[in-house]
Amino acid sequence: MHADCGEYDPGKIEQFWQKFWEENQTFCAKEDSSREKYYVLDMFPYPSASGLHIGHPEGYVASDIVARYKRARGYNVLHPMGWDAFGLPAEQHAISTGVHPELNTAKNIEIFRQQIKRIGLAIDWDREINTTDPQYFRWTQWIFLQLFKRGLAYVDERPIWWCEGLKSVLANEEVINGRSERGNFPVHRKNLRQWILRITKYADKLLDGLSHIDWPDSTKRQQIAWIGKSTGANVRFKIYGQDGEIEVYTTRPDTLFGVTYLALAPEHSLLEKIVAAEHIEQVKKYIEASRSKSDLERTDLAKTKTGVPTGAYGINPVSGARVEIWVADYVLASCGSGAIMAVPAHDERDYAFAKCHNISILQVIDGGNGAELPYTGSGNLINSGEFSGMPSEHAKVKIVEMLQMSSRGNFAQNYKLRDWLFSRQRYWGEPIPIIWVEQSEYERAISDANSCFREFLPDEPVACDSGGKKICALPLCSKHLPLKLPAVTNYLPSSDGESPLSNAKDWVNVRINVQTGEIFSADSFSSDANDRAWIFGRRETNTMPQWAGSCWYYLRYMSPNCETSLVDSSALRYWKSPDFYIGGAEHAVLHLLYARFWHRFLFDIGAIDTDSEPFQKLFHQGIILGEDGMKMSKSRGNGVNPDEIVSRYGADALRLYEMFLGPLDMVKPWNSRGIEGVCRFLKRIWHFYVGDDGNGRKFQETMPDECRRVLNETIGKVGSDIEDLKFNTAISQLMICLNTAIDSKGFGRAFGENFLRILAPFAPHIAEELWARLGNSGSIADAGWPQCDALEKFTPEKHKIIIQVNGKVRAECFIDDINMPDDEIFALAMSNADVSKHIAGKNITKKVYVRGKIINFAVK
RNA sequence: GCUCGAGUGGUGAAAUUGGCAAACACGCCAGACUUAGGAUCUGGUGCCCUAGGGCUUGAGGGUUCGAGUCCCUCCUCGAGCACCA
């Protein structure tokens with residue numbers, strides 16, 4: 001049984017085998033405790049309207065090669081695919097067309113699925129998942145409620161990033177150089193009340209977990225930098241002549257004697273209290289001026305550092321020195337305590353500020369000979385009282401210990417990581433399963449010990465102020481999930497931060513039966529409901545960010561239809577966590593940090609009990625550039641459409657070419673000529689197996705040594721190259737192997753079969769087709785990986801020795817006995833005409849022989 | 001500015017622990033078969049001068065019998081971070 005064609009016709013062959021795989025459920029994964037599992041995961045795509053991009057198959061084909069190879073090696077492989085389908089483009093499409101995002105998303109998914117299937121990936125399509133499916137996002141909501149229950153989801157009003165272009169708030173991680181990560185719109189700070197996840201509680205765990213997972217160094221470094229842990233001390237300065245104190249965080253307590261001023265951020269809460277009467281006007285003006293500056297202006301490194309004195313003074317807790325307190329906007333409210341102890345002699349920023357405002361500079365670290373100020377390194381302390389002469393590292397400890405004795409300071413750590421801003425003013429996202437009710441009604445709702453609203457109840461209510469009344473966040477319970485999106489007519493959020501969901505009045509306003517837990521639209525309120533059992537509430541109208549669904553999808557693949565929990569426990573015990581995860585490097589601190597946070601949380605609450613890290617081995621494929629070496633984009637017109645490539649050359653050619661392009665993790669340009677090369681390779685393979693008459697060639701029972709040798713080398717190299725993800729060199733070895741066989745004119749049957757088995761992960765369709773034409777039944781995916789004979793068997797009897805003179809290759813010679821004594825081999829080498837020519841009349845100063853490899857004569 | 005990563009033919013790129021630089025392809029040149037070649041096959045192809053030789057892995061220096069690979073200085077490109085106290 002095979003495709004009906006005489007010539008190599010990828011269209012027919014690929015369709016035939018894709019249908020075969022589907023009908024025979026070839027890649028359907030089943031738990032099987034008798035076999036070792038291997039879980040291959042791709043970062044699932046957002047199904048955009050523009051269809052598959054040429055970059056998608058790069059990662060998918062790479063993981064597919066790994067999946068098919070591991071299967072051939074006997075592993076029980078899980079290789080699923082799904083859709084990260086909530087997101088902005090579908091919503092913007094809905095805003096402009098009025099078409100519900102669900103319809104549009106379904107359409108895009110259909111296109112993506114067909115496109116991906118055409119590439120011939122060994123995917124278990126029965127496990128396909130979709131983050132917008134209520135049966136999926138009920139568990140996303142469930143995880144949120146678990147976070148809520150444990151006090152890790154809270155509401156706060158604070159300055160956060162607002163993007164006018166997207167009409168939504170954004171998390172720190174989504175803001176890049178003052179612009180939105182999606183859409184590249186400008187963002188600015190705005191005070192808004194939002195849902196926030198306490199990711200900072202996991203800062204240390206997220207940091208420590210990095211040390212034992214196999215991830216690219218650059219990605220680990222990015223996460224380490226993003227978490228930004230530093231160790232130092234909090235130091236409290238008394239305010240001269242007033243009550244109260246100013247706390248600062250410093251990583252350099254060893255420079256405490258060198259403090260010549262304190263500086264507060266303009267937002268600092270103590271400012272108003274401490275400012276001296278004669279400075280009030282000036283300070284007010286300064287605060288006003290800095291408030292009108294954008295964050296970009298404030299953090300522009302090139303600008304001169306502004307600030308004004310407050311007229312107040314702080315007292316140095318170790319030296320007793322009185323130092324001026326300034327307000328300066330180079331001090332950020334969001335960093336540490338929003339106040340700094342300034343040591344101009346040993347900090348570049350403080351130095352620049354002190355120079356600019358004529359503040360004294362006191363050196364307290366000896367930077368050695370010729371060290372100019374500011375000197376930011378370490379050294380021995382000077383001008384530091386009893387600590388003078390002590391090395392910095394030691395003084396850092398001793399000074400803080402002294403501060404601790406007098407309660408003027410303590411050891412402390414600081415993190416750059418901020419809590420995760422989790423709500424969005426969007427329609428197309430998971431609804432947050434919370435109802436806001438007045439405090440008294442909240443208490444009524446939870447007073448009954450059997451109340452379903454106690455399922456996810458936090459120790460402390462999450463509350464906020466609404467029009468002068470205190471309202472509390474009442475969590476839905478499991479039986480209310482999934483909380484689906486209401487129908488709306490207007491998907492557009494308002495400029496004041498109001499979500500589109502707030503337009504769905506009969507969804508938002510609810511009445512709740514506190515006894516039964518039933519929830520109805522408040523509009524359906526009737527007189528008989530005027531009962532003690534009913535309370536009224538307003539649903540949370542913000543939705544979750546797109547990252548939510550991708551935080552746990554790899555768990556769902558293990559049991560996509562499980563109705564009783566987010567993942568079936570026996571499936572989880574078997575598949576554990578992905579063994580190989582591949583996707584773009586752009587998610588280094590977004591998806592990959594958020595998912596680790598959720599995974600660790602789920603691990604901590606016992607919802608999963610396997611690994612504490614979700615992704616054991618991670619790899620990033622490099623970007624494929626346009627033929628002009630520029631990033632592919634519509635505006636440049638340098639895009640390459642994978643569909644067109646498949647139609648023209650076939651999926652096997654696309655697969656081979658993308659892998660042959662260069663190292664997987666490198667940025668590399670597309671070359672439309674290059675694909676012709678792999679196409680020729682596929683045709684040569686075809687003609688190696690199929691004669692001009694369209695019938696299979698006769699293979700001999702034996703094969704030439706040359707063939708046997710290269711086949712064995714190839715089996716070994718292709719296997720190890722796949723393990724190392726070096727697909728480009730694996731393919732070149734396959735080419736060498738075939739070329740050798742064609743040249744040797746001997747077609748051993750074993751060669752024919754084994755070559756197809758190692759080709760199959762790369763070009764599965766043609767491998768299946770020729771495998772069938774050799775008379776095999778069933779899929780080549782079940783044919784296993786060929787055994788590799790020990791290479792020594794093929795080691796030539798003669799050993800080639802390279803002969804160099806002064807490091808330059810001059811000749812080569814062959815010896816029979818690898819253990820030939822050095823003297824004899826030197827004599828042999830010197831007798832060589834090409835060698836003697838270069839040593840004649842010169843003194844040999846040194847002779848080197850590396851056994852079995854190389855000889856080098858150093859001559860003068 | 002800081003921290004990483006990378007620089008090899010006309011092009012994409014290969015190169016165990018330092019041991020034959022340029023594998024495998026693309027392109028190009030020549031030839032064969034052809035009415036035709038944007039099909040296929042064969043041969044050639046790092047650079048420079050004449051067979052022979054000399055030179056060559058961003059630039060310069062160093063270590064070594066021997067360096068694309070190790071060390072130092074510099075240049076260029078890419079990525080990340082960017083007043084984090």
Side-chain angles (χ1 to χ4, degrees), chain A residues 176-177 216-226 228-230 232 235 248-252 255 263 265 298-303 305 328-332 334-343 346-350 352-353 376 414-418 585-586 588-589 620 622-623 627 629 656-657 660-663 665-678 680-681 683-684 687 692 720 726 728-739 742 800-812 837 844-850 852-859:
Chain A
I176 294 166
N177 291 331
D217 278 343
S218 63
T219 305
K220 283 190 185 183
R221 265 198 305 274
Q222 276 184 66
Q223 292 215 352
I224 291 167
W226 191 260
K229 182 177 183 172
S230 68
V235 182
V248 301
Y249 171 76
T250 179
T251 55
R252 292 298 300 272
T255 63
R298 272 187 66 171
T299 57
D300 183 3
L301 270 160
K303 78 172 174 94
K305 291 186 168 30
D329 69 4
Y330 81 92
V331 181
L332 305 179
S334 56
C335 283
S337 59
I340 60 159
M341 56 173 239
V343 186
H346 306 294
D347 182 282
E348 281 172 23
R349 297 151 299 178
D350 300 344
F353 189 86
T376 57
N414 195 53
Y415 299 87
K416 276 164 72 176
L417 184 69
R418 297 283 167 264
E586 67 274 17
V589 288
H620 301 303
I623 298 165
E627 210 144 354
L656 277 178
Y657 182 58
F660 190 58
L661 216 44
D665 56 351
M666 251 171 61
V667 176
K668 46 212 175 262
W670 181 267
N671 180 337
S672 52
R673 283 276 178 71
I675 197 162
E676 309 267 3
V678 295
R680 278 175 213 161
F681 175 53
K683 282 180 196 160
R684 275 209 310 282
H687 290 297
D692 293 337
S720 63
K726 287 157 69 176
N728 53 333
T729 51
I731 292 168
S732 102
Q733 184 63 38
L734 286 167
M735 289 173 170
I736 291 169
C737 185
L738 183 75
N739 292 347
I742 290 172
K800 188 169 103 171
I801 308 292
I802 303 301
I803 308 168
Q804 298 182 334
V805 177
N806 282 343
K808 292 195 172 68
V809 179
R810 295 302 179 187
E812 56 187 40
K837 187 160 67 184
I844 295 175
T845 53
K846 186 154 189 171
K847 295 187 280 192
V848 178
Y849 172 48
V850 181
K853 264 190 182 165
I854 199 162
I855 289 173
N856 192 11
F857 296 109
V859 301

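Because only heavy atoms are used, hydrogens play no part in the values below, and waters and symmetry mates are left out as well, while side chains stay in. These numbers come from a predicted model, not from an experiment. The chains referred to below are lettered A, B, ... by the order of the sequence lines, with proteins before strands, and numbering in each begins at 1.
Checked by distance alone, A/Lys220 brings no side-chain donor or acceptor within 3.5 Å of a matching partner on the base of B/rU3.
Distance check, rounded to the nearest 0.5 Å: CG of A/Leu738 to CD of A/Gln733 gives 11.5 Å. We find the OG1-NE2 distance between A/Thr255 and A/His346 to be 7.0 Å, quoted to the nearest 0.5 Å. How far CZ of A/Arg349 is from OG1 of A/Thr376: 9.5 Å, rounded to the nearest 0.5 Å. Taking CD1 of A/Ile854 as the start and NZ of A/Lys800 as the end, the distance is 10.5 Å to the nearest 0.5 Å. Of the inter-residue distances, the one linking A/Ile224 atom CD1 with A/Thr219 atom OG1 reads 10.5 Å to the nearest 0.5 angstrom.
Contact annotation for A/Ile736: backbone-only contact, meaning every heavy-atom pair under 4.0 Å involves sugar-phosphate atoms and none involves a base. Within the 4.0 angstrom heavy-atom criterion, no nucleotide atom of any strand lies near A/Asp217. Within the nucleic acid shown, A/Val248 has no heavy atom closer than 4.0 Å to any nucleic acid atom. A/Thr251 comes within contact range of the sugar-phosphate backbone alone, with a heavy-atom separation under 4.0 Å but no base atom that close. Within the nucleic acid shown, A/Leu332 comes within 4.0 Å of at least one base atom, counting heavy atoms only.
Listed nucleotides B/rA85, B/rG27, B/rC20 differ in distance to A/Arg349; the shortest reach to its side chain belongs to B/rA85. Here the side chain of A/Asn414 is nearest to one of B/rA85, B/rC20, B/rU3, namely B/rA85.
Rounded to the nearest Å, the gap between the P atom of B/rU73 and that of B/rG19 is 25 Å. Annotation: B/rG58 and B/rG52 have their P atoms spaced 30 Å apart (nearest Å). Remark: the separation of the C1' atoms in B/rU34 and B/rG78 is 49 Å, to the nearest Å. Remark: the separation of the C1' atoms in B/rU57 and B/rU76 is 16 Å, to the nearest Å. Taking atom P in both B/rG9 and B/rG53, one finds a spacing of 25 Å when rounded to whole Å. Using atom P as the reference point in both B/rG66 and B/rG18, the two lie 16 Å apart (nearest Å). Rounded to whole Å, the separation between the C1' atoms of B/rU69 and B/rA15 comes to 10 Å. To the nearest whole angstrom, the two C1' atoms, one in B/rC77 and one in B/rA22, are 22 Å apart.
Contacts of A/Lys853 classified as salt bridge (charged side-chain N to carboxylate O under 4.0 Å, His left out), with partners at least two apart in sequence or in another chain: none. Residues that satisfy the ring-ring contact (aromatic ring centres under 6.0 Å, His included) test with A/Phe353, not counting sequence neighbours, are A/Tyr261, A/Trp326, A/Tyr330, A/His357. Residues passing the salt bridge (charged side-chain N to carboxylate O under 4.0 Å, His left out) test with A/Arg418, sequence neighbours excluded: none. Among residues two or more places apart in sequence or in another chain, the ring-ring contact (aromatic ring centres under 6.0 Å, His included) test is passed with A/Phe857 by A/Phe826. For A/Trp226, there are no ring-ring contact (aromatic ring centres under 6.0 Å, His included) partners two or more places apart in sequence or in a different chain. Every side chain to side chain donor-acceptor pair (under 3.5 Å) that A/Arg684 has, sequence neighbours left out, goes to A/Asn739. With sequence neighbours left out, the salt bridge (charged side-chain N to carboxylate O under 4.0 Å, His left out) criterion links A/Asp329 to A/Lys293, A/Lys303. In this structure A/Glu627 satisfies the salt bridge (charged side-chain N to carboxylate O under 4.0 Å, His left out) test with no other residue, sequence neighbours excluded.
Protein atom CD1 of A/Ile803 is 14 Å distant from nucleotide atom C1' of B/rG19, rounded to whole Å. Atom P of nucleotide B/rG80 and atom NE2 of A/His620 are separated by 12 Å, given to the nearest angstrom. Atoms CG (A/Asp347) and C1' (B/rC83) sit 9 Å apart, rounded to a whole Å. Here the P atom of nucleotide B/rU3 and the CD atom of A/Gln223 are 22 Å apart, to the nearest Å. Put simply, CZ on A/Phe353 is 19 Å from P on B/rA85, counting in whole angstrom units. Distance CD (A/Gln222) to P (B/rG5): 14 Å, rounded to an integer number of Å. As a whole-Å value, the separation of A/Tyr415 OH from B/rA85 C1' is 17 Å. Regarding A/Ile224, its CD1 atom lies at a distance of 14 Å from the P atom of B/rC81, rounded to whole Å.
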Check your understanding: Could you walk me through whether A/Leu734 and A/Leu656 pass the side-chain contact (heavy atoms from CB on, under 4.5 Å) check?
Key -> CA-CA 11 Å; A/Leu734 286 167; A/Leu656 277 178; 5.6 Å; no
Practice item. Take A/Lys305 and A/Asp350 through the test side-chain contact (heavy atoms from CB on, under 4.5 Å) and record every step on the way to the result. Key: CA-CA 9 Å; A/Lys305 291 186 168 30; A/Asp350 300 344; over 6 Å; no
Practice item. Take nucleotides 6-15 of chain B nucleotide by nucleotide from the 5' end and write B, S or -, depending on whether a protein heavy atom sits under 4.0 Å from the base, only from the sugar-phosphate, or from neither. Key: ------BSSS
**Study point:** Protein-to-nucleotide contact annotation, 5' to 3' order, nucleotides 39-57 of chain B [B base; S sugar-phosphate only; - none; under 4.0 Å, heavy atom]
**Key:** -SS-----------SSS--
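The neighbour count for A/Glu348 CD, taken as heavy atoms of other residues, nucleotides or ligands under 6.0 Å away, does not exceed 12.
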Review point. Which dot-bracket notation, 5' to 3', represents the base pairing of RNA chain B when pairs are defined as Watson-Crick or G-U with both distances under 3.5 Å, crossing pairs as [ ], and inter-strand pairs as |?
Key: (((((((..(((......[....)))((((((.......))))))((((..))))..(((((..]....))))))))))))....
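Residue whose closest nucleotide on RNA chain B sits further toward the 5' end, between A/Ile855 and A/Trp226: A/Ile855. Residue whose closest nucleotide on RNA chain B sits further toward the 5' end, between A/Gly228 and A/Glu348: A/Glu348.
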Mind listing the N/O atom pairs, protein and nucleotides 64-68 of chain B, below 3.5 Å?
unit_1, atom_1, unit_2, atom_2, d
B/rC65, OP1, A/Lys846, NZ, 3.0
B/rC65, O2', A/Asn856, ND2, 2.9
B/rC65, O2, A/Asn856, ND2, 2.8
B/rG66, O4', A/Asn856, ND2, 3.4

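Classified by its glycosidic torsion, B/rG53 falls in the anti category, the angle being over 90° from 0.
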